[in-house]
Structure formats: C-alpha cells, structure tokens
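Okay, structure first, notes after.
Indexing begins at 1, ligand by ligand and atom by atom, following the structure's order. Side chains included, hydrogens not; waters and symmetry mates left out as well; all remaining heavy atoms used.
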Amino acid sequence: MATRDDVLRELGLTPRWRLRTTMPAPAVAVAASVAASVAADAPAASPPPTDPDGTREVRIARLAWDAFAADVDACTACGLYRTRHKSVPGVGDRDAEWLFVGEAPGAEEDARGEPFVGQAGRLLDNMLAALGVARGRNVYIANVLKCRPPNNRTPEPAEADACRPYLERQVALLRPKLIVALGKSAASLLLTTDATIASLRGRVHRYRGVPLVVTYHPAYLLRNLPDKAKAWEDLLLARRTVAQSARPDPAEPPSVP
Ligand code: URA
C-alpha cells in the first residue's frame with residue numbers, strides 16, 4: 001500500500017511543496033474560500049442571459065472547432081465580457097480522450113487567454129504528468145466560465161448558465177472518454193447538483209452519456225495538502241475509467257444529463 005509520501009512523490013509534488021508554502025495564495029480558490037474573499041468593489045450581479053427564443057443556444061450547438069474561440073470572444077451573454085481582458089475558451093488536443101473542467105479563469109489566465117496557467121495550473125500539469133498525459137497531448141482543458149469573474153469571485157448561477165452552451169459544445173465536439181470535474185463549480189454545473197465534492201468523489205457519474213469523475217480543484221489542493229492523496233485516488237479511478245471506456249458514437253445524439 002502506497003504511503004502518503006509515495007503518492008505525493010508520484011504526483012511530482014514533493015520538491016515543490018515546500019516552495020509553495022512561501023508563495024502568495026493562489027489566484028483562484030474553491031467556492032467557500034473565494035466567496036469569503038469577494039472584494040467590496042465587485043460589480044453587481046450580471047443581468048440574466050438574453051436568449052429568450054433559444055437561437056443563441058442552437059447556434060452554439062452547431063459551432064465548428066474553428067469558429068468556437070471567436071464566438072466565445074464575441075459573447076456578451078453575461079456581464080463578464082466587460083471586465084475581462086482575454087476570453088479563455090479552452091486549450092488542448094481536439095481529439096483528446098480526457099476533458100478536464102475547472103471553474104473560471106483567474107488573473108494569469110485572463111492575461112494570457114489560456115486556462116490553468118497560474119499556480120493551480122502548475123499543479124494540474126503535475127497531475128496530468130502523473131497520469132502519463134499532458135496539456136495538448138490527449139487532454140483538453142476548459143472551464144465552466146470562459147471569462148474571468150472580477151476578483152476571482154465564485155461564478156454567479158446566471159453566468160454559469162449563460163456559458164453552459166459553450167461547455168456543452170466542447171463536450172459534443174470532443175466526445176471524450178472521460179470528463180474530470182475539478183471542484184464544486186464544474187461538478188455542480190455538469191451534474192446539476194449542489195452536493196459536496198466529498199460526497200461526489202469516489203464513483204463514476206455520467207454527463208450526457210460520458211463518464212465523469214469528480215475531484216478537488218487544484219487551487220483547493222494547494223491549500224489542503226492531505227487531500228492530495230484523495231485527489232490521487234480520484235485520478236486512479238479516472239485512469240481506470242478511461243481504460244475501460246469506449247468513445248461515444250458521433251452518430252448517437254447525446255443523452256440528456
Ligand atoms: N482555476 C480554474 O478553475 N480555471 C483556470 O483556468 C485557472 C484556475
């Protein structure tokens with residue numbers, strides 16, 4: 001049976017761990033800690049999305065990969081386009097078997113237009129390496145929100161709902177063998193539940209027919225060292241699931257979640 005040290009070594013975390021304790025807090029944290037840190041100058045909640053006849057949703061559901069990023073960039077369905085610098089549509093191998101879904105871009109992602117490039121992203125890259133994959137090699141990385149919420153606050157339900165068609169389209173285009181929901185925002189949106197990560201992890205869920213495993217958000221893991229061993233267990237479950245899964249048939253319509 002592997003010890004905790006073995007697990008952390010396998011995740012490639014042991015040399016970096018000491019360094020990180022001296023670093024500033026990560027840009028993005030999980031819901032509770034982010035909610036607690038919302039600054040007083042955050043703008044008022046975004047207006048509800050305006051797609052009364054569903055035409056936007058239908059259009060997004062037909063987007064090709066090559067039109068996807070430009071469409072996200074032009075989106076004004078919630079108020080976040082006003083405060084973000086760059087939209088962050090997603091990155092990776094368009095033929096990937098693995099889809100990782102996080103919460104929303106943080107400051108570094110907002111500046112670069114790529115998901116998970118900050119401190120949490122470095123941990124995610126280590127997690128991917130431990131699985132034998134890499135950003136852009138059999139992996140696609142996306143977020144629930146494609147635009148940064150001011151001060152990294154938790155996504156508003158209306159914002160997540162406005163962005164949902166984009167994530168749905170990414171899943172439909174990719175047809176991954178597995179989705180890994182990183183943290184509460186991703187798990188809540190994809191599984192339409194308010195359940196805790198602790199209660200959702202450890203088993204295989206389904207999103208539109210695609211197997212889905214829930215684990216802790218890397219930003220949370222940076223602050224909660226003991227839970228890294230649990231995250232490793234989740235990744236092992238994910239790896240077993242990928243090994244056993246067939247790719248969804250493109251001819252079959254996605255099943256309703
Ligand atoms: N946290 C997220 O959830 N997504 C990112 O892209 C970066 C940090």
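- Between Arg208 and Ile179, the closest side-chain pair of non-hydrogen atoms is not below 4.5 Å.
- Side chains of Asp227 and Tyr220: a donor-acceptor N/O pair is present below 3.5 angstrom, by distance only.
- Taking every heavy atom of His217 and a limit of under 4.0 angstrom, the matching atoms of ligand 1 come to 1 (N), 2 (C), 3 (O).
- For ligand 1, none of its N or O atoms has an N or O atom of Pro105 under 3.5 Å away.
- Those atoms of ligand 1 that come under 4.0 Å of a heavy atom in Gly102, given as number and element, are 3 (O).
- Atoms of ligand 1 found under 4.0 Å from any heavy atom of Pro115 (numbered from 1 in listed order, with element): 6 (O).
- Residues forming a salt bridge (charged side-chain N to carboxylate O under 4.0 Å, His left out) with Asp71 (at least two apart in sequence, or on another chain): Arg59.
- Residue contacts with ligand 1, taken as heavy atom pairs separated by less than 4.0 Å, involve Glu103 via backbone and side-chain atoms alike.
- Using modelled atom types, one finds a donor on one side chain and an acceptor on the other under 3.5 Å when comparing Asn152 with Arg148.
- A donor-acceptor contact shorter than 3.5 Å is absent between the side chain of Glu103 and the backbone of Val144.
- Counting heavy atoms from C-beta outward, Leu212 and Val210 have side chains that stay 4.5 Å or more apart.
- For the ligand labelled ligand 1, residue Ala104 lies inside the 4.0 Å heavy-atom shell.
- At a 4.0 Å cut-off, not a single heavy atom of Glu108 sits close enough to ligand 1 to count as contact.
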